[in-house]
J.: 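Starting off with a structure, shown below.
Order of appearance sets the numbers: ligands from 1, and atoms from 1 within every ligand. Hydrogens, waters and symmetry mates play no part in the numbers below; they use all other heavy atoms, side chains included.
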Amino acid sequence: MKMLIGGEWKAAASGREMEVVNPATWETVGTVPSGGHEDAGAAVDAAGEAFAPWADLPPVERGKVLFRTAVLVREETERLAATLVAEQGKPLREATDEVRGFAHVLEYYAGLSSSLYGESINTKAYGRIIVERRPLGVCAGIIPWNMPVMIAGWKIGPALTAGNTMVLKPASTTPLTTLAIGDLFLKAGLPAGVLNIVTGPGETLGEALVTHPVVRKVSFTGEIGTGRHVAETAAQTMKHVTLELGGSDPMIVCDDADLAVAAAGAAGGRFYNCGQTCTAVKRVYVFSDVADRFRELLVEKTRAITVGDGMEKGVRMGPLNNAAGLERIETVVEDVRDEAEVLVGGKRPEGKGFFYEPTLITGLPVDAPSLREEVFGPVLPVVEVEDLDEAVAAANGTRYGLGASIWTKDLGRAERGCRDLEAGIVWVNQHLKAPPETPFGGVKWSGTGRENGPHALERYTEEKALLIRS
Ligand code: NAD
């Protein structure tokens, strides 16, 4: 496939290409341009030219284009989901949900398109003060590989609805579905240059977008280290920056919780997307007096997960997306083998693909350093705590603060979790779900800013104050 720049499909200026590999089979499933500095410049130029006419459209007209795209995406769900499985590795059922989720995000923002109001105050001394919300201009969206389609929607939806144009850069291992969706935007009547999709390495192409003086906002989703670098670099040209970074989400299971429901929630919350979700359940803190029963139930749930190629029927967990991720998971498990017990899994199966078995670990002390870092794969540590005080202190004892959940029937405990857990999202008796109405993002090192919800529209605008006297 080629890149989408100014409404046309283009090769990289250098002519270089990169291969996209199926993580389950190691077969090449496509090639895309390996773009660089020049291509980033061409995409920003195209987005710059498209900006004024797009921003001048009545907001409802912009919304209609998003609605039409959502219709086409829903019609093409089967094809898009199969492409997503081939490049990302997730099971078809999850890929289908993700594609539909993308359409849902577009529909949500299309519905909000006419509701971006300004403010007005009448004063005797200064006359009428009007605060308008103006789009920012050209925005860059930088996307990771774990939920490539959904996260693209979280950026495209509010940016375009608010009247901005965008240059989107998918991760190098997962560009194909996003490019296919770019084609549907064109078919839905999106004017050339409003959405540009460029492919290539983050260190060159991504960097070129973040340093480009015309780009007014960078919305970045990825690792903390990359995010910090992006924020530092974007500051050189005073860009707006939203950072959606990593998480190490705790799940607290109290002794009054429905343990069967909690065990299902832990398995679903961790092994969904092969553990590669920013808000996956990454650590379980369970009260000691119910720990044995909870572990039994969780072991049962984990053993029932069928691992395989995401296109095969009945497969519940696919491979990791890439070799580096698999190596990191192997190291994480080897590093704790001496101090912890591996209850289930703990190795990669024979054969091709970046597979790793769904793995449960127990016996780690509550202050184990490994629990403070993000583990991005199918490994779940279950740690015993005496009470809610110890659980909340352990949950908060990390630099991350993306999501957290508490499982209990006691309203007081639930309220305590909502109040004291340091996270952008706290779930009670559930984990992971985040529909477009939910402001999504982290506290502490998990990021700055929020995506989704009506306020995300404001984050793609800036106020302009008008003081008018007659
Ligand atoms: P990553 O930081 O390696 O890459 C993310 C994107 O940044 C890719 O497109 C990459 O090419 C690009 N990039 C790399 N270097 C760059 C540079 N110098 N300038 C500009 N762009 C550059 O992250 P990843 O491995 O793709 O994704 C996994 C991480 O993303 C995990 O930490 C996960 O928790 C996090 N994540 C967070 C959220 C959230 O909403 N908070 C959602 C999904 C994933």
J.: Between the side chain of Arg16 and the main-chain N/O of Gly200, is any donor-acceptor distance below 3.5 Å?
T.: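 No, because the side chain of Arg16 does not come within donor-acceptor range (under 3.5 Å) of the backbone of Gly200.
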J.: State the atoms of ligand 1, each with its element, that fall below the 4.0 Å cut-off from a heavy-atom position in His229.
T.: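 Taking each heavy atom of His229 in turn, ligand 1 has 18 (N) under 4.0 Å.
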J.: What atoms in ligand 1 come closer than 4.0 Å to a heavy atom of Ile142?
T.: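 Near Ile142, meaning under 4.0 Å from one of its heavy atoms, ligand 1 has 6 (C), 7 (O), 9 (O), 12 (C), 20 (C), 21 (N).
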J.: Which word best sums up how the rings of Phe376 and Trp145 line up, parallel for under 30°, tilted for 30 to 60°, or perpendicular for over 60°?
T.: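 Perpendicular.
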J.: Do Glu451 and Ser219 have side-chain atoms, one donor and one acceptor, less than 3.5 Å apart?
T.: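 There is such a pair between these side chains.
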J.: Give a yes-or-no answer on whether the side chains of Lys239 and Thr237 include a donor-acceptor pair shorter than 3.5 Å.
T.: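 Present: a donor and an acceptor within the cut-off.
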J.: Does any N or O in the side chain of Arg270 come within less than 3.5 Å of the main-chain N or O of Gly275, such that one atom is a donor and the other an acceptor?
T.: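 Looks like yes, one N/O pair under 3.5 Å.
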J.: Looking only at protein heavy atoms, identify the closest one to atom 13 (N) of ligand 1 and say how far it is in Å.
T.: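 For atom 13 (N) of ligand 1, the nearest protein heavy atom comes out as Gly202 CA, 3.4 Å.
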J.: Under 4.0 Å from a heavy atom of Asn146: give me the atoms of ligand 1 that qualify, with their elements.
T.: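 Those qualifying, in numeric order: 43 (C), 44 (C).
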J.: Does the gap between the ring centers of Trp154 and Phe440 come in under 6.0 Å?
T.: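 Ring centroids of Trp154 and Phe440 are less than 6.0 Å from each other.
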J.: Examine the side chains of Lys155 and Thr221 and answer whether a donor and an acceptor come within less than 3.5 Å of each other.
T.: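 Thr221 and Lys155 do have a side-chain donor-acceptor pair below 3.5 Å.
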J.: Does any N/O atom on Glu223 come nearer than 3.5 Å to any N/O atom on ligand 1?
T.: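 Yes - when backbone and side-chain N and O of Glu223 are compared with those of ligand 1, one distance drops under 3.5 Å.
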J.: Of all the non-hydrogen atoms in the protein, which one sits nearest to atom 28 (C) of ligand 1, and at what distance?
T.: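 Answer, as residue, atom name and distance: Phe376 CE2, 3.7 Å.
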J.: How far is atom 8 (C) of ligand 1 from the closest protein heavy atom, and which atom is that?
T.: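 The protein heavy atom lying closest is Ile143 O, 3.3 Å.
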J.: How close does the nearest protein non-hydrogen atom get to atom 24 (P) of ligand 1, and which residue and atom is it?
T.: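 Ranking protein heavy atoms by distance from atom 24 (P) of ligand 1, first comes Trp145 NE1, 3.4 Å.
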J.: Which protein heavy atom lies closest to atom 20 (C) of ligand 1, and at what distance to 0.1 Å?
T.: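 Scanning the protein heavy atoms, the shortest distance from atom 20 (C) of ligand 1 goes to Gly206 C, 3.4 Å.
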J.: Taking both backbone and side-chain atoms of Glu207, is any N or O found less than 3.5 Å from an N or O belonging to ligand 1?
T.: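 Right, the criterion is met.
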J.: Can a donor-acceptor pair be found, under 3.5 Å and without considering hydrogens, that links the side chain of Glu357 to the backbone of Arg348?
T.: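 Judged by distance alone, no pair lies under 3.5 Å.
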J.: Residue-level breakdown please: for Glu451 versus ligand 1, do any non-hydrogen atoms fall below 4.0 Å on the side chain, on the backbone, on both, or on neither?
T.: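 Neither part.
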J.: Atom 14 (C) of ligand 1: which of Leu243, Thr233, Thr226, Thr279 has the nearest heavy atom?
T.: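 When every heavy atom of Leu243, Thr233, Thr226, Thr279 is considered, Thr226 comes closest to atom 14 (C) of ligand 1.
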J.: As a check for students: among Gly225, Gly222, Gly247, identify the option with a heavy atom nearest to atom 35 (C) of ligand 1.
T.: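 Residue with the shortest heavy-atom distance to the ligand atom: Gly222.
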J.: Distance below 4.0 Å between atom 4 (O) of ligand 1 and any protein heavy atom?
T.: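 Answer no: nothing from the protein, no heavy atom, is under 4.0 Å.
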J.: Tell me whether Glu462 is salt-bridged to Arg133, with the criterion being a basic N under 4.0 Å from an acidic carboxylate O.
T.: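 Salt bridge flag = no for Arg133 with Glu462.
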J.: Between the side chains of Ser248 and Glu373, does any donor sit under 3.5 Å from an acceptor?
T.: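 No, because no side-chain N or O of Ser248 sits under 3.5 Å from a partner of the opposite role on Glu373.
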J.: With heavy atoms under 4.0 Å as the rule, classify the contact between Thr221 and ligand 1 as side chain, backbone, both or neither.
T.: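 Thr221 to ligand 1: contacts from backbone and side chain alike.
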J.: Is Arg216 reaching over with its side chain to a backbone N or O of Met238, donor-acceptor style, under 3.5 angstrom?
T.: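 It does hold such a pair.
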J.: Please tell me whether Thr173 and Asn322 have a donor and an acceptor in their side chains that are separated by less than 3.5 angstrom.
T.: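 Result is no, nothing qualifies.
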J.: Using heavy atoms and a threshold below 4.0 Å, how should the contact between Leu245 and ligand 1 be classified: side chain, backbone, both, or neither?
T.: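 It is the backbone that touches ligand 1; the side chain stays farther off.
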J.: Looking at side-chain heavy atoms only, is the closest gap between Thr174 and Glu87 below 4.5 Å?
T.: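 Side-chain contact under 4.5 Å: yes.
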J.: For ligand 1, which part of Glu374 has a heavy atom less than 4.0 Å away: the side chain, the backbone, both, or neither?
T.: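 It is the side chain that gets close, since no backbone atom is under 4.0 Å.
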J.: Under 4.0 Å from ligand 1, counting heavy atoms only, is it the side chain of Ile151, its backbone, both or neither?
T.: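 Ile151 to ligand 1: side-chain contact only, backbone stays beyond 4.0 Å.
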J.: Go through ligand 1 atom by atom and flag the ones less than 4.0 Å from a non-hydrogen atom of Phe440.
T.: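 Answer, ordered by atom number: 39 (C), 40 (O).
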J.: Counting only heavy atoms, tell me which of Gly442, Gly227, Cys278 gets closest to atom 36 (N) of ligand 1.
T.: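 It is Cys278 whose heavy atom sits nearest to atom 36 (N) of ligand 1.
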J.: Can you tell me how the ring of Phe354 sits relative to the ring of Trp26, calling it parallel under 30°, perpendicular over 60° and tilted otherwise?
T.: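 Phe354 and Trp26: tilted rings.
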J.: Atom 11 (O) of ligand 1: which protein heavy atom is closest, and how many Å away?
T.: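 Residue, atom and distance for the closest contact: Lys169 NZ, 2.9 Å.
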J.: Identify the protein heavy atom lying closest to atom 27 (O) of ligand 1, giving its residue, its atom name and the separation to 0.1 Å.
T.: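 For atom 27 (O) of ligand 1, the nearest protein heavy atom is Pro144 CB, 3.2 Å.
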J.: What do you reckon, does Met147 put a non-hydrogen atom under 4.0 Å from ligand 1?
T.: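 For ligand 1, residue contact (heavy atoms, under 4.0 Å) with Met147 is absent.
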J.: Going by the order shown, which atoms of ligand 1 are within less than 4.0 Å of some heavy atom of Leu402?
T.: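 So the atoms of ligand 1 that pass are 41 (N).
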